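To keep things clear, I will list the structure first and then write my remarks on it.
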Amino acid sequence: VDWGRLRFTMDEGSAKAVRVAFERLYRDGLAYRTEALINWCPGCRTSVSDLETIPTPETGTLWTIRYHLIDEATDEPSPTDAIAVATTRPETILGDTAVAVHPDDERYRSVVGRRVRIPFVERDVPIVADEAVDRSFGTGAVKITPAHDQNDYDLAKRHDLPMITVLDDAAAVSAAGNGYAGLDRYVARERIVADLAARGDLLDTRPHEMLIGRCQRSNDVIEPRLKTQWFVKTKPLAEAALAATRSRETRIVPERFEAVWEHWLTNIRDWNVSRQLWWGHRIPAWYCPDGHITVSAAEAGPSACEVCGRPASELVQESDIFDTWFSSGLWPFSTLGWPDQTDDLRTYYPTSVMETGHDILFFWVARMMMLGLHLTDAAPFHTVYLSGLIRDERGVRMSKTRGNSIDPLEVMAESGADAMRFALIHGASPGQDQRFGPQKLETGRNFANKLWNATRYVLGARPQSIPADAPRRAPEVAELGLVERWIRSRTASTVEAVDRAIADYQLAEVTRALYDGIWSEFCDWGLEMAKARLADTSLPDDAREATWWTLVESLDVFVRLLHPVMPHVTEALWTALPHAADDPELVIVARWPSPAGRDGLVESSVGEALELVRGIRNARADAGIAPGDWLPATVLAPEDLAPAVSDLGAIIQRLARVRPVQVVAAADEASGSARSAGLAVVTGRLEAIVEPPTQALAAGDRERLEKELATTEQRLAGARARLANAAFTQRAPAAVVDGARATEAELAAQAATLRDRLGRT
RNA sequence: GGGCGGCUAGCUCAGCUGGUUAGAGCACUUGCUUGACAUGCAAGAGGUCACUGGUUCGAGUCCAGUGUCGCCCACCA
């Protein structure tokens with residue numbers, strides 16, 4: 001980590017960016033100050049954004065109350081004519097300025113336009129018709145409190161209704177609430193319900209399931225209120241953000257989040273950016289005694305009111321601060337020195353991939369996109385990679401209050417930073433939550449250990465003929481035997497798999513490819529085969545050297561590939577490995593490997609030999625032959641495979657615990673005599689005849705062959721059925737049909753051999 | 001009320017644009033002081049791919065619907 005680039009959103013660099021950004025938005029008409037309905041948290045005594053208001057299910061109460069209609073003749077409430085409305089917040093009666101019904105509602109058609117008297121405040125308000133009213137809910141008539149409800153506010157705007165604020169900063173009833181003034185909202189609620197009942201105007205009381213907006217920070221019940229606040233006009237910004245994703249200038253991974261993105265940005269409301277808190281960037285707006293606004297990005301503030309010219313000394317700065325996401329939204333460029341055209345900005349902006357949890361797609365990513373596009377004319381990144389959330393072992397979302405979150409520092413102390421990193425990446429599918437617990441750390445720890453030991457072995461197996469300080473060299477293909485070429489080819493295949501997975505942002509797949517390539521292939525087979533080569537004293541020095549350099553070369557590749565996942569072990573191993581002259585001192589800056597040395601023919605012929613080794617091991621285990629017993633064996637190979645298998649003789653011996661292996665062309669006369677000698681192992685196109693110790697034997701072995709034959713014939717029947725289907729041979733692609741034919745031929749040959757060994761025809 | 005995701009081995013999860021016998025880790029069974037590693041090695045057992053129907057020569061994979069768990073968005077007072 002380059003600690004020289006440490007940044008904090010409260011730095012002066014960031015503070016300057018915030019001021020300049022705000023001034024730009026203000027001059028462009030995208031930042032404005034107005035009185036509007038905002039979410040008010042009475043606990044924090046500040047406004048909060050829509051996103052910070054968490055809808056929480058609760059069982060409340062739905063009260064049905066009666067408002068008396070005004071008798072036109074007397075201008076007084078009629079004792080009998082009334083309209084019933086349903087509400088979950090009776091205390092807001094005090095701020096009612098209308099009752100609304102649906103225009104097509106027959107029940108209320110006659111009363112639209114008449115007035116009702118609001119009790120306690122004794123205010124006469126009109127009955128209006130509006131399509132937003134749901135006829136089927138409650139009584140079909142709704143009381144309108146524009147100053148304390150978003151729906152009512154919108155409706156009031158359409159009907160030009162007055163707005164009366166009846167709750168103060170502490171959510172207590174304000175002076176407008178007459179006799180209830182000063183009471184907490186919930187105390188007032190109880191009183192009002194009781195008083196309505198006493199008047200005979202409470203018609204019904206029933207429990208009601210509903211969603212209550214609560215403050216993300218304090219959990220207090222959010223109260224919508226009218227307040228004068230700063231807003232950012234989001235429509236044009238959101239449109240630009242949408243255009244960027246639609247044109248693929250910015251891509252969201254996984255793609256399905258683009259639908260969510262579209263929906264949110266299409267329906268976005270203006271962003272309330274002012275907060276009545278102390279900790280944060282103060283809004284750089286100044287007010288003069290005449291109410292003029294001056295916005296200035298200058299560190300010292302404006303010198304005079306930009307409208308009337310009053311001197312700075314008579315101006316008062318806004319005491320509100322910005323929503324923290326405002327400064328965070330500038331992060332991609334504020335950290336690089338913006339608004340100055342710094343070298344960093346030119347070099348690193350726009351950046352490439354933004355990685356973050358899908359839970360802050362709106363909070364942060366959307367704001368970075370909107371502000372970035374407007375202020376820098378460029379999307380801040382070309383890709384947004386959304387990770388899932390980390391849950392605990394039982395799948396519960398981690399949180400501090402629940403106490404189930406884990407401290408990464410503790411995990412690292414116990415299992416190591418690399419194990420933790422491996423576990424996290426191993427479980428990372430784009431946008432998909434993952435469970436995390438101690439068990440998952442073991443895999444990474446063991447894997448690190450495996451690579452460590454493999455390297456230890458290789459370093460210790462250096463042929464005497466190579467000086468300890470010899471620079472790393474990549475052996476020429478011509479120097480290599482089958483084993484070495486196989487190792488190179490499989491290593492290249494791992495590079496390809498990792499490259500592919502990275503290009504697709506399939507991080508779990510990256511670790512899987514590495515785990516497989518390093519453990520299941522290189523360690524399990526490559527190293528074991530190489531041991532036979534290194535131990536073979538009949539080989540010339542340079543052949544053994546080539547083997548060793550091949551191993552070193554693969555380790556070198558693996559260390560580079562694995563470095564992003566397990567930086568610490570790989571850095572340590574890098575130090576221990578021999579290096580070429582142009583290798584840097586640290587892997588972190590080393591060149592990324594490119595796949596080289598892929599060889600399909602080598603992979604398949606060695607693969608067949610390894611398959612035979614597996615078959616022999618399998619047969620030995622079934623026959624209950626002690627692992628330590630070395631058995632004589634003959635391998636029967638088709639002509640094209642015979643040279644390769646001969647070449648691998650010593651390896652087959654060692655891995656399958658047989659001795660000495662003699663390879664006979666399957667068509668030869670000699671194969672006949674070998675056949676009578678013992679256990680037949682048939683894998684693919686190869687066969688091994690192993691001579692068991694006399695006591696182990698026959699019945700069990702026959703059973704094994706019968707089983708083999710049964711599965712082979714079952715597969716063969718399947719393959720034939722497919723090929724017999726004219727629709728398949730005609731419609732399937734030629735390559736698939738050819739593959740099926742080859743499979744059929746191989747299975748047929750294998751079945752024939754097995755039948756022969758069982759003495760059948 | 002809209003939208004999205006999960007449902008594959010006992011557990012946790014991979015399976016990309018449909019194509020031989022559906023994989024891994026952990027757990028489980030059997031054996032192993034195999035000259036790197038018991039944090040290991042070898043061999044094994046374990047799956048009607050939630051359900052129903054459809055498209056196709058062929059479906060875990062595509063389409064429609066159902067169930068179930070979970071998430072996001074939303075102005076039913």
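Throughout, protein chains are lettered first and strands after them, A, B, ... in sequence-line order, and every chain is numbered starting at 1. For clarity, every value in this text was computed on a predicted model and none was experimentally measured.
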- Task: Mind checking A:Arg445 for me? I need base, sugar-phosphate or nothing, with any heavy atom below 4.0 Å counting as a touch.
- Result: base

- Message: Using ring centroids (six-membered ring only for Trp), state whether A:His263 and A:Phe362 fall under 6.0 Å.
- Response: no

- Item | Bracket string, RNA chain B, 5' to 3' - pairs by Watson-Crick or G-U geometry under 3.5 Å, | interstrand | (((((((..((((.....[...)))).(((((.......))))).....(((((..]....))))))))))))....

- Message: Using a heavy-atom cut-off of 4.0 Å across all strands, would you classify A:Pro733 as base, sugar-phosphate, or nothing?
- Response: base

- Got a donor-acceptor contact below 3.5 angstrom from the A:Glu708 side chain to the A:Leu754 backbone? no

- Query: For A:Trp630, what residues pass the ring-ring contact (aromatic ring centres under 6.0 Å, His included) criterion, not counting sequence neighbours?
  - Reply: none

- Tell whether A:Gln150 reaches the base of B:A77 with its side chain through a donor-acceptor pair below 3.5 angstrom. no

Check nucleotides 1-10 of chain B against the protein and report each pair of N or O atoms closer than 3.5 Å, with its distance, or say if there are none.
from : atom 1 : to       : atom 2 : distance (Å)
B:G5 : O2'    : A:Gln432 : NE2    : 3.2

- Item | Row check, A:Tyr515 ring normal vs A:Lys450 NZ/CZ: under 6.0 Å, within 45° | no

- Message: Pairing donors with acceptors under 3.5 angstrom, does anything connect the side chains of A:Trp261 and A:Thr245?
- Response: yes

- Query: Is there a side-chain polar atom (N or O) of A:Lys143 under 4.0 Å from OP1 or OP2 of B:C76?
  - Reply: no

- Query: Given B:G40, is OP1 or OP2 found less than 4.0 Å from the side-chain N or O atoms of A:Asn446?
  - Reply: yes

